[in-house]
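For reference, the structure discussed in these notes is given below.
When a residue number appears, it is its place in the shown sequence, counting from 1. Side-chain atoms are counted along with the backbone in the values below, which use heavy atoms only and exclude waters and symmetry mates.
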Amino acid sequence: MTDVADITTNAKTTTASLDRLVAGNEAKLSASIDNVADSTARLSTMTKDAGDVVDGIKKGNGTVGALLKEREIYDDLKEMLRNIKQRPWKIVWKE
């Protein structure tokens with residue numbers, strides 16, 4: 001019986017604390033819930049979009065996809081950068 005009385009007292013105290021917390025903050029709580037819902041929806045969209053980008057890259061679409069899929073393009077780019085490092089003036093002056 002003592003345990004039931006303690007539980008009841010704790011429940012009343014907890015309820016009173018929640019009432020004080022919620023009182024006057026209903027609009028803020030509602031706005032926060034709306035923001036969480038909006039953020040979740042945006043995160044879901046961003047995750048889908050990121051997945052689409054990765055799928056495109058894996059298929060070889062775009063510059064990054066071509067670099068990953070086409071070894072010849074990668075090798076040509078690497079050679080070009082090596083030439084620029086060795087002879088940077090070639091970018092500025094025409095021979």
Side-chain angles (χ1 to χ4, degrees):
M1 227 28 189
T2 304
D3 290 340
V4 173
D6 288 343
I7 291 171
T8 303
T9 302
N10 288 338
K12 286 179 184 179
T13 303
T14 302
T15 303
S17 295
L18 286 173
D19 285 343
R20 283 192 305 274
L21 180 66
V22 172
N25 291 318
E26 291 90 357
K28 290 179 182 177
L29 290 170
S30 179
S32 293
I33 291 169
D34 290 343
N35 286 339
V36 168
D38 185 49
S39 295
T40 302
R42 288 176 189 238
L43 183 60
S44 176
T45 300
M46 288 180 356
T47 302
K48 182 192 174 304
D49 291 346
D52 292 345
V53 169
V54 170
D55 288 343
I57 289 171
K58 286 181 179 178
K59 291 176 184 174
N61 297 338
T63 304
V64 175
L67 283 172
L68 292 175
K69 289 290 186 178
E70 298 292 330
R71 184 67 187 190
E72 183 180 352
I73 293 172
Y74 171 79
D75 291 338
D76 289 346
L77 184 59
K78 191 173 176 180
E79 179 65 27
M80 182 185 73
L81 290 173
R82 185 179 12 249
N83 285 332
I84 290 171
K85 284 180 182 178
Q86 291 172 352
R87 297 174 203 90
W89 61 88
K90 281 189 161 188
I91 294 176
V92 180
W93 293 287
K94 218 177 198 186
E95 291 182 7

Check: Thr40 main-chain N/O paired with Ser44 side-chain donor or acceptor under 3.5 Å
no
Passing candidate, side-chain contact (heavy atoms from CB on, under 4.5 Å) with Asp76, options Glu79, Glu72, Lys78, Met80
Glu72
For Lys48, enumerate each residue passing the side chain to side chain donor-acceptor pair (under 3.5 Å) test, keeping only those at least two apart in sequence or located in another chain.
Asp52
Look at the side-chain heavy atoms of Ile, Leu, Val, Met, Phe, Trp and Tyr, link any pair under 4.5 Å apart, and say whether Leu67 and Ile57 land in one connected group.
no
When every non-hydrogen atom of Lys69 is compared with those of Lys58, the smallest separation belongs to CE-O, 2.5 Å
Atom pairs and distances, donor-acceptor, side-chain atoms in residues 13-20, under 3.5 Å, two or more places apart:
| unit_1 | atom_1 | unit_2 | atom_2 | d |
| --- | --- | --- | --- | --- |
| Thr13 | OG1 | Thr9 | O | 2.9 |
| Thr14 | OG1 | Asn10 | O | 2.8 |
| Thr15 | OG1 | Ala11 | O | 2.7 |
| Ser17 | OG | Thr13 | O | 3.1 |
| Ser17 | OG | Arg20 | NH2 | 3.2 |

Let me confirm one number: the CG-OG distance from Asn25 to Ser30, rounded to the nearest 0.5 Å.
12.0 Å
Check salt bridge (Lys or Arg N to Asp or Glu O under 4.0 Å) between Asp38 and all other residues, then give those that pass, not counting sequence neighbours.
Arg42
Can you get from Ile73 to Leu81 by hopping between Ile, Leu, Val, Met, Phe, Trp and Tyr side chains that sit under 4.5 Å apart?
yes
